[in-house]
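For reference, the structure discussed in these notes is given below.
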Protein chains: 2
Amino acid sequence: MSVTLKDVAQAARVSVSTASRALTGTGLTSERTQQRLVRIARELGYRPNPIARGLKTGQSRLVALLVHNLTNASFQVMAEVVQARLKALGYQMLLCIGGDDPQAESDTLTTLVDHRIDGLIVVPTGKNGAQLETLSKNVPIVCLVRRDDATDLETVLADDPQGAYLGTRHLIELGHKRIGLIVGRQDTTSGRERLSGYARALREAGIARDDTLIHAGHYVPETGATCARKLLDLPRPPSAIFVANHEATLGVLRVTAERNIAIPDDLSLLCYEDMPWFEWHRPAISIVDNGARDLANLAVDRLLHRMDAKGNSKGNGSDGAREYRVGARLIQRDSCRQIDASAPAKSGKSKPSSSKSSAAKSVKV
Amino acid sequence: MSVTLKDVAQAARVSVSTASRALTGTGLTSERTQQRLVRIARELGYRPNPIARGLKTGQSRLVALLVHNLTNASFQVMAEVVQARLKALGYQMLLCIGGDDPQAESDTLTTLVDHRIDGLIVVPTGKNGAQLETLSKNVPIVCLVRRDDATDLETVLADDPQGAYLGTRHLIELGHKRIGLIVGRQDTTSGRERLSGYARALREAGIARDDTLIHAGHYVPETGATCARKLLDLPRPPSAIFVANHEATLGVLRVTAERNIAIPDDLSLLCYEDMPWFEWHRPAISIVDNGARDLANLAVDRLLHRMDAKGNSKGNGSDGAREYRVGARLIQRDSCRQIDASAPAKSGKSKPSSSKSSAAKSVKV
DNA sequence: CGATAGACTGCAAACGATTGCAGAAACGCT
DNA sequence: AGCGTTTCTGCAATCGTTTGCAGTCTATCG
């Protein structure tokens, strides 16, 4: 069907071995034949067959990204970033969607390894630690966003404690004393870490922690709505709500709309993770950006590093840090307002629309 | 490294050929050895190497999906659907993101074919018709969402004329006479088709078309905002706006918020394509659903059909329809309201939240 | 009992590349 | 001229499968 190395070799009246060496550019052929073969190959439209090559070399030029879904905005940008970076390096991305289901994850993993992927970036469910650990002996693996505690795989994480701290402190600085928190389940790392950041900020400010202001649940709109109602029905409702997830934000917004609660005048709202429409919403929603783009880039960096390491001197692999954290940053928009007798700012709209305060980035731990 | 067919054969004291035949289940081995080999293979944890197999058979069990981006909600669900369907059939999905850039598309296509993909679903830019046409001789291709007019490839399209018609008619039935339209560029099929559906509905209702109510532009929020301003600044502004794209909707919503225009009381809003948050927005936004999920499913069906056809009796390929359209449907939520002296409904909220009126599905043309 | 068909099985050649090894050519040196 | 290097080239094996062909074995029938 298509042009093979043999065809090129024949046309140039050399052996396939010579052709191979000339085209792959090992310096083992004379300058002249080298160039001649390159020319002929181009003329014939020769394209090396990655499958055949892969069989011999054990590599596939395929790198897999395994995420939970694509509705999550963070995963979208991660997928886009990973794909773009890899393509530039001549790799193709296999995108797999595991739905946060351990069984699906496990199946997918074995299939991927069958396909001899050269590397894997995975958002682990946390239930297949043993399997991941085993696979990592054959294939470079980097975990993203979540850590699988059963492994000591290299992991790239958002700095959730820092992000939550930053957000909470911002609200405190605006004069808020009663800050509601809607956070993820406490059996997930991110849920715990975000809560701890919130708690730290309160502590530092000398504000007593009030557990009636803290609600944990799944990252879905319904949770947001339920928790928002509970918070607003409190005898002394909060003056600000920090929603530690963008899905839940939907629910909160619905409730405030239903009850005609004006943001930011009646209630300040701060959200974790960005969404494209947050900027366009009126009022534009202030957020703590978890740095999805940076996370993805760092994950790719680390993966490439391991892939090199494996190629050059197989076996060492481990070289220092196993955990990387990417700093979160606050992006102020219009959904939080100052409440203080001494500075009675009425509207948030006068603030600069997108000033950024950045935390330390890529901190080794 | 891993267990090969040879290992299995050795363990079973048969030749590799027999092992191969037994495990691939060609009925050419005795029942007994067949079962014995299956057992031994399982015990040894044998997994066939798709690369080696691919080299011999010319197949890769890889199917590619080439879309423009992942921020578009339609592409997200398509990617998820395609991935899920393929996985169930033992294929892996290569997801490529072309950014609607002809050069990137072209590069990606050649790489994909190098990798001997077994099939391709592509949202074409429209500039690489010749290349697609050539490739389609080697690998089954189905176009999605857009048609590449330079080819006669099988194509799965949304029924945009129908969708736009349905939406416009709905607004007319609610009593609207001046209906603003914010639509895509007129050099794209979808832009033209949506406009034509709008026009047809007006014509049928005997409403004169007013070109000051029609604005075309890129599918981005800025366009929505600009066009919305122009529409609202009109001496006789429209009582309803039909936004033919979800990105542009963001811009429209911002403008209405800025100007304190209440939806649906002051202005009805209908949008093309769904977004997860439309349901949660207050008021929940009524839409014309373009059926992304159905489109993706149909595309997969068609692709599989062609892949079979190629496997069984190569060469025929063409069998009837080359264009499939998936019906759009109206999903009524709360952003459109009746305006009529005889039926002075004040609020849309009393309506059933999600009644559906479905158009013909999957119509051959 | 011998021939013959039928059912299994194994040998070996592919698929398209890469790569160790050894032979050939070219060159410089004494 | 002879010899050792260096540089280039080709042969052939290899990666892990599939598959055409030919061979072996058993069973069946005349």
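In what follows, chains carry the letters A, B, and so on, assigned in the order in which the sequence lines appear, proteins first and then strands, with residues in each chain numbered from 1.
Here D:dT18 is the nucleotide among D:dT18, D:dC11, C:dC11 with the atom lying nearest to any side-chain atom of B:Thr57. Residue B:Arg21 has its side chain nearest to C:dG10 when only C:dT19, D:dG16, C:dG10 are considered. Candidate nucleotides D:dT18, D:dG10, C:dT9 were compared by shortest atom distance to the side chain of A:Thr18, and D:dG10 ranks first.
The side chain of A:Thr33 places no N or O atom within less than 4.0 Å of a non-bridging phosphate oxygen (OP1 or OP2) of D:dC8. Side-chain nitrogen and oxygen atoms of B:Ser15 include at least one within less than 4.0 Å of the OP1 or OP2 phosphate oxygen of C:dG10.
The distance from the SG atom of A:Cys96 to the CG atom of B:Leu86 is 11.0 Å, given to the nearest 0.5 Å. How far CZ of A:Arg13 is from OG1 of A:Thr18: 14.0 Å, rounded to the nearest 0.5 Å.
B:Arg47 and A:Thr111 share no side-chain donor-acceptor pair at under 3.5 Å.
In this structure, the CG atom of B:Leu28 is 15 Å from the C1' atom of D:dA22, given to the nearest Å. Computed from coordinates, the A:Leu5 CG to D:dA12 P distance equals 18 Å when rounded to whole Å. Between the P atom of D:dT18 and the CD atom of B:Gln59 lies a distance of 12 Å, rounded to the nearest Å. Regarding B:Lys56, its NZ atom lies at a distance of 15 Å from the C1' atom of D:dT14, rounded to whole Å.
Within the nucleic acid shown, B:Ser20 comes within 4.0 Å of at least one base atom, counting heavy atoms only. As judged by a 4.0 angstrom heavy-atom cut-off over every strand, A:Ser17 is placed among the base-contacting residues. Within 4.0 Å of B:Thr26, counting heavy atoms only, lies no atom of the nucleic acid at all.
Near DNA chain D, meaning a heavy atom under 4.0 Å from it, residues 42-55 of chain A has A:Leu55 in order of number.
Remark: B:Lys127 NZ is loosely packed, at most 12 non-hydrogen atoms of other residues, nucleotides or ligands lying under 6.0 Å away.
Taking a cutoff of 4.0 Å between a charged side-chain nitrogen and a carboxylate oxygen, A:Asp107 and B:Lys87 do not qualify as a salt bridge.
Exactly one residue among A:Met307, A:Gln83, A:Met93 makes a side-chain contact (heavy atoms from CB on, under 4.5 Å) with A:Val63. That residue is A:Met307.
The ring-ring contact (aromatic ring centres under 6.0 Å, His included) analysis of residues 63-82 of chain A, with sequence neighbours excluded, yields the pairs A:His68-A:Phe75.
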